[in-house]
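First comes the structure, then the notes that go with it.
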Amino acid sequence: QIHLVESGGGLVPTGGSLKLSCEVSEARPRTLAMGWFRQAPGKDREFVAAIRWNPRELRYKDDVRGRFTVSGDSLQNTVALEMNSLQPEDTAVYYCAAGFVPGVWDTERFYTFWGQGTQVTVST
């Protein structure tokens with residue numbers, strides 16, 4: 001019933017920037033946190049960043065901290081990921097996710113609903 005849709009992916013050169021956005025069709029009850037994950041070819045899906053609404057807290061994968069910024073609006077059911085200084089290793093399909101049950105919200109198992117993914121490709 002809940003649908004998430006990502007947008008904003010594309011092809012950028014090394015050092016470039018992209019902003020990903022995610023919209024949720026509905027959230028009843030409200031999400032506890034929303035996150036971003038990515039999956040590179042042949043690799044497992046990995047945590048990138050997440051935002052918990054109340055109390056507000058942001059978490060990041062170590063190597064994106066300082067380059068990526070996650071933001072969102074729980075009332076609008078939106079979350080965004082601003083990505084700067086992109087590197088080829090950032091190339092992946094990026095997924096938006098929403099979770100509703102208290103838990104460790106920087107892990108995949110916390111999240112119940114997932115978007116279809118958007119491709120980010122960083123050229124060498």
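These values consider heavy atoms only, across backbone and side chains, with no hydrogens, waters or symmetry-generated copies.
Heavy-atom contacts from other residues, nucleotides or ligands closer than 6.0 Å to CD of E82 number more than 12.
Shown here for G117 and V93, the closest heavy-atom pair between the two residues is CA-CG1, 3.7 Å. When all heavy atoms of C96 and V79 are compared, the closest pair comes out as SG-CG1, 3.6 Å. The two residues S17 and N84 come nearest to each other via the heavy atoms OG-OD1, 2.9 Å. Of all heavy-atom pairs spanning A98 and T31, the tightest one is CB-CG2, 3.7 Å.
No side-chain heavy atom of Y95 sits under 4.5 Å from any side-chain heavy atom of E108. Side-chain contact between T78 and S21 is absent, with no heavy-atom pair separated by less than 4.5 Å. Counting only heavy atoms from C-beta outward, the side chains of Y60 and D106 never approach each other to under 4.5 Å. Within the 4.5 Å cutoff, the side chain of L32 has no heavy atoms near those of the R52 side chain. Annotation: side chain of Q116 is in contact with side chain of V5 (closest heavy-atom distance under 4.5 Å). The shortest side-chain heavy-atom distance between D63 and E89 falls under the 4.5 Å cut-off. In this structure, K19 and L81 have side chains that are not in contact, with every pair of non-hydrogen atoms separated by 4.5 Å or more.
Between the side chain of T112 and the backbone N or O of G99 there is no donor-acceptor pair closer than 3.5 Å.
Put simply, W114 and I2 are part of two different groups of oily side chains (I, L, V, M, F, W, Y) that touch within less than 4.5 Å, one to the next. Linking Ile, Leu, Val, Met, Phe, Trp and Tyr residues whenever their side-chain heavy atoms come within less than 4.5 Å leaves F68 and F47 in two separate clusters.
Residue V70 forms a side-chain contact (heavy atoms from CB on, under 4.5 Å) with just one option from V64, V48, L58, L20, and that option is L58.
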Without placing hydrogens or testing angles, list every side-chain donor-acceptor pair under 3.5 Å for residues 33-43, not counting sequence neighbours.
from, atom 1, to, atom 2, distance (Å)
R38, NE, E46, OE2, 2.8
R38, NH1, D90, OD1, 2.9
R38, NH1, Y94, OH, 2.9
R38, NH2, E46, OE2, 3.3
Q39, NE2, K43, O, 3.0

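Going from atom CG of N77 over to atom CZ of R30 covers 9.5 Å, rounded to the nearest 0.5 Å. Considering CH2 of W105 and CZ of F100, their distance stands at 16.0 Å, rounded to 0.5 Å.
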Check against side-chain contact (heavy atoms from CB on, under 4.5 Å), T14 and Q87: CA-CA 5 Å; T14 297; Q87 303 298 128; 3.8 Å; yes

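When only modelled atom types and interatomic distance are considered, Q119 and T121 share a side-chain donor-acceptor pair under 3.5 Å.
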